[in-house]
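Basis for what follows: all heavy atoms, side chains included, without hydrogens, waters or symmetry-related copies. Since we're looking at a predicted model, the values are computed, not measured.
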Amino acid sequence: MILANVGNTIEAPTVGRVGNIEIIAKDITLNNNSQIQAGAFSGATAEGSGSIFLTASESISFTGLNTGIFSNNDSGSFGNASDARLSAPLINLKDGAVITSVNSGEGNGGNIFIEADNLNLENGNTISAATVSGTGGTVTLDIAENITLRDNNSFDDNNIISARATEDANGGNLSIDSRFILAFPSSGNGNDIIASAEQGQGGNININAESLFGISEGVAVAGNETNDIDASSQFSIDGDVTINTPDTNSIQGTTELPSNIVVPEQTTAQACQSNREIVAKNGLTIKGKGGVPAAPESVMDSQNIYVNGEDVDSTVAISQSIETSQGKIQPARGIRVKQDGGIVLTAYRTNNLGARIPGSEINCDR
């Protein structure tokens, strides 16, 4: 376990090429203003972008204001911000924690890549690859299960996932793959996903998810209390927001079943009233002996059955005999199993137990 508790800082600031920081552990936990930094100070030139790599086999957790990853270039510095890559089954940001790759100097925002089963942001956290010049960085969230955005109204700034650009810079791009995105109601500034710009062009946001709950496309405005997906530009061209969800979603909506009760007699009566002659002519013709039952264990029951071209009327209790060269043959309409296991064919219909089925009236007169 890697644990930084009160104001600890791991940093790789530089004049020249920004170095890399890599941490591999079971759990990585930062609390109370503890930070991992990689960036260029004011007046410095970052000739190349370093990266921060955090890999945990179980969890990564950042808790507290200004706690987390700062791959930032300060105002007055030159060069692109460093990248940050996090990978763990569970990643939690809570109470003002941050993962940033922000460029406040001359250059582009860095890139942030997060891979996890679940990503939880609770109470005023920020994931940001923003910039004031050039182009915002790229934020890629590859989350197998859920992204959850929640606040308890104790923070003025709520959860933000951003590739925002300010001044004349262009917005960066956001790519999110997740099963569900869950954004809980907010009474503050809202839980927002942003690639917006001011004077430059808005970035692009691409989301692939089974469902989005509590968040939709809109302009993120401070204090509007809504959860927004925003790729707009105040004074230039808006970016594109693409949300891909499956055509069929088994849980996003429900289908209300009809409340009226279907009466079988009324349904069949309506069918018969439409055209009695057509109904009387409907039937099933089977060449050969016997018939096709509705289920393998059931006997054939129909009002229009033809056996070898002869009409067998099932509305009578016992079928009429058939004249053959060998004499009259009585068609079997049921079976009965004897105690010794023998099968007896009957002229009347029987159920699965071999008991006689009484005759029933049909719905329509011929």
Is [X] reaching over with its side chain to a backbone N or O of [Y], donor-acceptor style, under 3.5 angstrom?
{"X": "Glu198", "Y": "Glu167", "answer": "yes"}
{"X": "Asp117", "Y": "Glu145", "answer": "no"}
{"X": "Asn72", "Y": "Val102", "answer": "yes"}
{"X": "Thr140", "Y": "Ser175", "answer": "no"}
{"X": "Asn125", "Y": "Lys94", "answer": "yes"}
{"X": "Ser133", "Y": "Gly107", "answer": "yes"}
{"X": "Asn227", "Y": "Gly214", "answer": "yes"}
{"X": "Asn80", "Y": "Asn108", "answer": "yes"}
{"X": "Asn33", "Y": "Thr67", "answer": "no"}
{"X": "Asp192", "Y": "Ala220", "answer": "no"}

Indicate yes or no: at least one non-hydrogen side-chain atom of [X] is less than 4.5 angstrom from one of [Y].
{"X": "Thr55", "Y": "Ile24", "value": "yes"}
{"X": "Ile99", "Y": "Phe62", "value": "yes"}
{"X": "Ile194", "Y": "Asp228", "value": "no"}
{"X": "Thr148", "Y": "Phe184", "value": "yes"}
{"X": "Ile229", "Y": "Leu212", "value": "yes"}

If you measure from [atom1] on [X] to [atom2] on [Y], what distance do you get to the nearest 0.5 Å?
{"X": "Phe53", "Y": "Ile23", "atom1": "CZ", "atom2": "CD1", "result": "12.0 Å"}
{"X": "Leu54", "Y": "Glu22", "atom1": "CG", "atom2": "CD", "result": "9.0 Å"}
{"X": "Arg164", "Y": "Leu174", "atom1": "CZ", "atom2": "CG", "result": "11.0 Å"}
{"X": "Ser82", "Y": "Asn103", "atom1": "OG", "atom2": "CG", "result": "9.5 Å"}

Under the criterion side-chain contact (heavy atoms from CB on, under 4.5 Å), which of Ile60, Asn92, Leu90, Ile127 is the partner of Leu119?
Ile127
Can you spot which of Ile243, Ile193, Ile207, Ile147 makes a side-chain contact (heavy atoms from CB on, under 4.5 Å) with Ile215?
Ile193
Before accepting this row, confirm whether a basic side-chain N of the pair Lys26/Glu58 lies closer than 4.0 Å to the acidic partner's carboxylate O.
yes
For the student: nearest non-hydrogen atoms of Ile160 and Ser162, plus distance:
CG2-CB, 3.6 Å
Answer yes if the side chains of [X] and [Y] hold a donor-acceptor pair under 3.5 Å, and no otherwise.
{"X": "Asp230", "Y": "Ser232", "answer": "yes"}
{"X": "Ser59", "Y": "Asp27", "answer": "yes"}
{"X": "Asn159", "Y": "Asn191", "answer": "yes"}

Flag yes if Leu30 and Ile21 sit in one hydrophobic cluster, no otherwise; membership is Ile, Leu, Val, Met, Phe, Trp, Tyr, and two members link when side-chain heavy atoms are under 4.5 Å apart.
yes
Joint cluster assignment, Ile114 & Val139, ILVMFWY side-chain distance < 4.5 Å
yes
